[in-house]
Amino acid sequence: MISKMLQKARDFEKQYLPYTQPDQPRFHVTGGIGWINDPNGFAPYKGEYHLFFQYHPYDTKWGPMHWGHVKTRDFIHWERLPAALAPDSEYDRNGCFSGGAVELPDGRHLLMYTGVRCARRRNGKIDEYQTQCLAIGDGVDYEKLPCNPVIDASQLPEGGSVHDFRDPKIWRDGDSFYAVIGNRCADGSGTILLYRSEDAQHWEFVSVVAACHNQYGRMWECPDLFPLDGKDVLFVSPQEMTAIGLEFHPGNANVCLIGQLDRKTHHLIRDRVQAIDYGLDFYAPQTLLTEDGRRVMIAWMQNWETSSCKPQEMPFFGQMTLPRELSIRNGRLYQNPVRELEACRGVKIDYHNVLINGETSLRGINGRCLDMTVTVRPGNESSMYKWFRLYVARDGEHFTMIRFKPETSTIKVDRTHSGFPHDIVNVREFPVSFNGGVLKLRVVMDRYSLELFVNDGEQAASFVLYTPAEAAAVSFSSDGSVLVDVEKYDLEIEKA
Ligand code: FRU
């Protein structure tokens with residue numbers, strides 16, 4: 001049964017979606033209309049990959065959370081499906097918050113999400129109550145279960161908060177289902193709780209997988225826990241983070257904990273803590289395992305800190321990152337665009353050993369929907385250059401700058417002149433390794449975004465741009481002599 005509220009959202013989509021297509025990115029998921037935030041339920045189902053998202057179809061601002069829905073076979077071409085969930089039940093009347101999805105042994109599709117219900121205290125303040133709920137469907141239509149909520153305050157460990165208890169990421173392992181859920185514990189900071197179930201409806205608390213202890217931010221949202229290259233990896237999205245040098249940034253950040261899950265205590269013993277993405281626009285990542293064994297991540301290419309700023313005329317707000325393949329190398333998380341992107345490469349233009357000393361542009365190197373790799377080496381063995389800059393999305397008025405400084409081994413991305421109508425943070429700097437003096441920058445652009453992959457995925461950094469799509473020039477400059485190789489492909493992707 002489709003509720004009136006869900007039908008209203010679906011009718012709204014039918015009416016308005018057809019008119020918003022020309023302005024959309026080519027291969028990054030958006031809501032098409034309205035507002036989106038976190039990716040939800042990113043998982044394989046019946047040979048395709050489904051992606052849901054936090055969604056308010058009626059406005060380009062956050063509002064009562066629905067789940068929007070798309071699916072893909074190759075992570076590049078996405079088919080839009082009708083909205084999947086609306087906040088139409090007593091236990092989720094103030095929002096269907098983030099969650100996960102899994103294919104059931106009988107072939108049905110299970111969604112697990114956080115139901116939010118608000119209640120006003122006697123002093124007028126509003127409290128949110130968060131519980132975990134289920135819906136089952138066929139890949140298009142979903143029914144919420146009568147036993148909802150299936151995890152509530154009674155299954156919290158002592159001191160756990162029912163007001164901050166959200167974002168279940170569910171998976172199946174053998175005959176059991178597991179879910180990790182973000183929670184706030186007695187010291188006011190985040191914990192990630194592990195639950196187990198035999199039938200996905202009756203759940204038991206297993207352990208605290210990791211606790212923040214007020215060290216990496218406060219509340220931890222949107223967890224994901226998965227094995228990768230012999231390690232166990234936990235992703236969390238902390239709120240109220242304080243920067244630690246250039247490694248993390250303040251506000252809503254993203255953190256990757258790499259270690260080993262103790263099989264008895266189900267607690268993560270950490271080897272390393274690092275940022276996942278070093279850009280301005282990245283939050284709430286989720287991963288899935290592809291049929292050929294790749295761990296692929298997608299995230300909201302936005303951040304709460306940057307989300308109030310958009311040009312007035314945009315018919316949609318929010319996009320997802322390009323899905324990325326993850327691996328662990330030298331104890332670090334690496335990420336690179338899904339290999340399927342390479343099948344969309346059109347004309348190749350490449351240059352080798354171009355000497356840059358001052359400002360240079362190269363014939364044919366331009367575009368706003370491109371996949372370009374620039375390899376930078378010192379041009380003079382006896383004196384190291386001071387800086388190298390790559391400008392993209394450039395015209396007389398606009399540019400986005402990527403600058404590398406060998407002395408500090410840092411990259412700075414500056415999108416101050418990239419079409420933003422308000423004064424928000426537009427600059428991010430981060431450390432990179434500078435092995436043997438060679439730096440490799442892979443830039444993927446899809447009209448309104450720039451994703452940077454440094455040194456074959458050792459670091460990634462995501463940025464939304466609002467520069468008019470006609471601003472498509474690329475140029476290079478340096479202080480001191482630099483040799484570059486450039487390999488650029490236009491990406492040829494028909495919007496479905
Ligand atoms: C993270 C988040 C989640 C929540 C959702 C609400 O961005 O705050 O914790 O489920 O957004 O839209």
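Both counts, for ligands and for their atoms, begin at 1 and track the order of listing. Being a predicted model, the structure only gives us computed values, none of them experimental.
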Check ion pair R294-E340 (N to O, under 4.0 angstrom):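 Salt bridge flag = yes for E340 with R294.
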
Lys/Arg N to Asp/Glu carboxylate O, R324 vs E451, below 4.0 Å: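 So R324 pairs with E451 through a salt bridge.
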
Non-hydrogen side-chain atoms of D414 and F463 separated by less than 4.5 Å: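 No. Closest side-chain heavy atoms not under 4.5 Å.
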
Among E221, Q54, M219, Q239, closest by any non-hydrogen atom to atom 6 (C) of ligand 1: Q54

Residue-ligand contact W304/ligand 1, heavy atom below 4.0 Å: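 The answer is yes, since W304 has a heavy atom less than 4.0 Å from ligand 1.
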
Distance-only N or O hit between ligand 1 and N37, under 3.5 Å: yes

Location of contacts on W300 toward ligand 1, heavy atoms closer than 4.0 Å: neither

Contact partition for A284 relative to ligand 1, non-hydrogen atoms under 4.0 Å: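 Neither; nothing of A284 gets under 4.0 Å from ligand 1.
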
Stepwise side-chain contact (heavy atoms from CB on, under 4.5 Å) check, T290 with Y49: CA-CA 8 Å; T290 60; Y49 302 110; 3.3 Å; yes

For atom 10 (O) of ligand 1, the protein heavy atom that lies nearest, with its residue and separation: D167 OD1, 2.6 Å

Protein heavy-atom partner closest to atom 7 (O) of ligand 1 - residue, atom, separation in Å: D38 OD1, 2.7 Å

Donor-acceptor pair between E128 and Q130 side chains, under 3.5 angstrom: yes

Numbering as shown, the atoms of ligand 1 that approach [X] to under 4.0 Å (heavy-atom distance):
X    : answer
M65  : 12 (O)
Y283 : 1 (C), 7 (O)
R166 : 9 (O)

Y178 and W171 aromatic ring geometry - parallel, tilted or perpendicular at 30°/60° bounds: parallel

Closest approach of P223 to K169 (non-hydrogen atoms, all atoms of both residues):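 Heavy atoms only, the tightest pair is O-CB, 3.4 Å.
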
